[in-house]
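Working notes for the structure below.
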Protein chains: 2
Amino acid sequence: MSVKPARPATRTDVARLAGVSTTVVSYVINDGPRRVTSRTRQRVLDAIERLGYRPNANARALKTGETGLIGMVVPEVVNAYFAEFIQALDRAAQTMGSSILLGITYEEAGREERAVRSLVDRGVDSLIYQVDLADQRLYQLGGGDLPRVLLDRSDVVPGMATVGADTEAGARAAVEHLVSHGHERIGYVGSPMAGRKVDLRRVVWDEVLREHGLPGVPPALTSWNREGGYRGARELMASDEPPTAIFAGSDLIGVGVLRALHELGMDVPGDVAVVSFDGTAESAYSWPPLTAVRQPFEEMARRALEVLSERGEAPGSSVFPMQLIVRGSCGCQG
Amino acid sequence: MSVKPARPATRTDVARLAGVSTTVVSYVINDGPRRVTSRTRQRVLDAIERLGYRPNANARALKTGETGLIGMVVPEVVNAYFAEFIQALDRAAQTMGSSILLGITYEEAGREERAVRSLVDRGVDSLIYQVDLADQRLYQLGGGDLPRVLLDRSDVVPGMATVGADTEAGARAAVEHLVSHGHERIGYVGSPMAGRKVDLRRVVWDEVLREHGLPGVPPALTSWNREGGYRGARELMASDEPPTAIFAGSDLIGVGVLRALHELGMDVPGDVAVVSFDGTAESAYSWPPLTAVRQPFEEMARRALEVLSERGEAPGSSVFPMQLIVRGSCGCQG
DNA sequence: TTGAAAGCGATACCAA
DNA sequence: TTGGTATCGCTTTCAA
């Protein structure tokens, strides 16, 4: 039976109703730091229930210096790759009573600093970077005491913990799979990386080709979205010796590639086979469904939160295996 | 030139360095409520700069009762339909110095209450519901004083402001477009709505068919995702008189429909034309690209924030027009 | 086991 | 125009 007060009940109201001091209310809410008789405890619990009392998170944050908020910096959310991480992180955070606060950069120079600063100013307890910030100094925003982790990122920031997928093995699995189908001209569609970062997918693709004595193919470097995949595939197919297989650097790219191939009247995987990178839901429903190497979203998210709570440890890096998911676009089921 | 203090600077540090009282610091930061000489003001500004001072959001929230956080309740984020709104809202909120705090329900009964409660407990200033909550009482969480708005929602909650798209006109445009192409058997793939809510898309589809004297077709009601679209189209195409056109209740459904049609060896739009609802980026890169009626995401987001700041007004409802985007799947370009 | 009280950082009333 | 100070709701030390 809860009574609706006009003004939200505070801890003082609870104390008064329970006939104890506010200190005791605090003790029962936090299960410490002092013990409370179970009788007293029950009285407090009853009062809380009757008043519908909920602790004021801001007051608590002010006092303890912890908000229970985890800042996550992402370039966008309309992209299943990031959205998958956001959800995985959110679920993991829920079990710890924390919440994810998003800082979206939109990959616009101006918004980048705003996004990160906003998180820091709001007092997040830690930060997860899922974006390559243009200005390295932004990684230091808020001072050195905030636990931070780089999640599945291409750039490396000295002294910062890292959680990522085994891109190298994943890319290798993808390309080797295409090779195993007998393809000899295998193209790659990706994007140039900002700064002088290297795209491991591209590097590995190149390596595998070399290892098998296959001819090199100029990579099509456009942008990390569907449009980029589309343009890249058009480019690749317009060459004198078009590839018979394409390794797409992301699912979105893969989808764009498929569209281009269809437009050209090519059969997938008959004329051109495709394997993509990421393995989000969208890849499963394209036509044909994309064979892809999948990111271990949940595992990485859980690990990221672990890393953040182990603050103080030496910044290490965790690597998780990717998994090849065979669907229709590679030719296995064709 | 900013000095990095070990401990973050507080307003007291600023006051000391500027040789003024903390009150004045407050005045210049908030531009009021009292005026400050421009000379004093400048001294304070300098001190802030030198110390790298940033106001503590929690302390401020405690004092003012406002956090600058807007709670947004969504079922998921790995779905461009919701992600588009999240981004649109985020951008709009940024211009007001507010942030969007997400409460993801995952459409799981248990998480629903947690998600909403977590937002309220964190002290959000207002709430945007983008999900049909199973338990209507959850809409009242946090008391009656929180401004709330329902964003593009199918259910109606008495006394709550609403911002939505003109689903009816949108659906009509979609179906009429198919009719204008000469189709006589037009199917619908959607999903049963929770509770006894009605799916306007389905109702309008039915209406339009009737108006044109076209034969009714049993709708395929599955679920609002790609898988649902797939199953729905299989179902529709397995009937004795399969449709020659399909109205898909969402982009995801549309994508699933396309996959099913391809699997059956049908040509789109040659054998079956498709028009979908929502118009997210994914619809533009399916094969063939989906003709769709598009949600006015940005406009609705902006309006939602306006409504929230007009607290106290009578709860009205804003409706925005949808736009038909013609691409390849309807037959216009075939 | 319980309570009084200091203090987290910021706001704004009331005086000066 | 500027400053002293009470206060927001909560945590926790110290004393009872």
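So that the names make sense, note that chain A is the first sequence line, chain B the second, and so on, each numbered from 1.
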Heavy-atom contacts, protein to nucleotides 9-16 of chain D, under 4.0 Å, summarised as B (base), S (sugar-phosphate only) or - (none) per nt, yield BBBBB---

Who pairs with [X] by salt bridge (charged side-chain N to carboxylate O under 4.0 Å, His left out), at least two apart in sequence or on another chain?
X	result
B/R117	B/E113
A/R137	A/D135
A/K197	A/D132

Please report how far the helix from C/dT1-D/dA16 to C/dA16-D/dT1 bends, comparing the axis fitted to its first five pairs with the axis fitted to its last five, to the nearest 10 degrees.
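If I round to tens, the end axes sit 40° apart.
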
Once side chain to side chain donor-acceptor pair (under 3.5 Å) is applied, do any residues pair with [X], and if so which ones, sequence neighbours excluded?
X	answer
B/T162	none
A/Q87	none
A/Y27	none

Could you pull out every donor-acceptor pair under 3.5 Å between side chains of residues 66-75 of chain A and any protein atom, sequence neighbours left out?
from: A/T67; atom 1: OG1; to: A/L69; atom 2: N; distance (Å): 3.2
from: A/T67; atom 1: OG1; to: A/G123; atom 2: O; distance (Å): 2.7
from: A/T67; atom 1: OG1; to: A/D125; atom 2: OD1; distance (Å): 3.3

In terms of side-chain heavy atoms, does B/S26 have a donor or acceptor partner in B/R11 at a distance below 3.5 Å?
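Note: B/S26 and B/R11 side chains miss the donor-acceptor criterion.
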
Go through the structure and list residues passing ring pair (Phe, Tyr, Trp, His ring centres under 6.0 Å) with A/Y81, not counting sequence neighbours.
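By the ring pair (Phe, Tyr, Trp, His ring centres under 6.0 Å) rule, A/Y81 matches A/F85.
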
For a 4.0 angstrom threshold against heavy atoms of chain B, report the outermost contacting nucleotides of DNA chain C in 5' to 3' order.
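In short, chain B contacts DNA chain C from C/dG9 to C/dC13.
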
Under 3.5 Å, which donor-acceptor pairs do the side chains of residues 15-22 of chain B form with other protein atoms, sequence neighbours left out?
from: B/R16; atom 1: NH2; to: B/D13; atom 2: OD1; distance (Å): 3.4
from: B/S21; atom 1: OG; to: B/T23; atom 2: N; distance (Å): 3.3
from: B/S21; atom 1: OG; to: B/V24; atom 2: N; distance (Å): 3.4

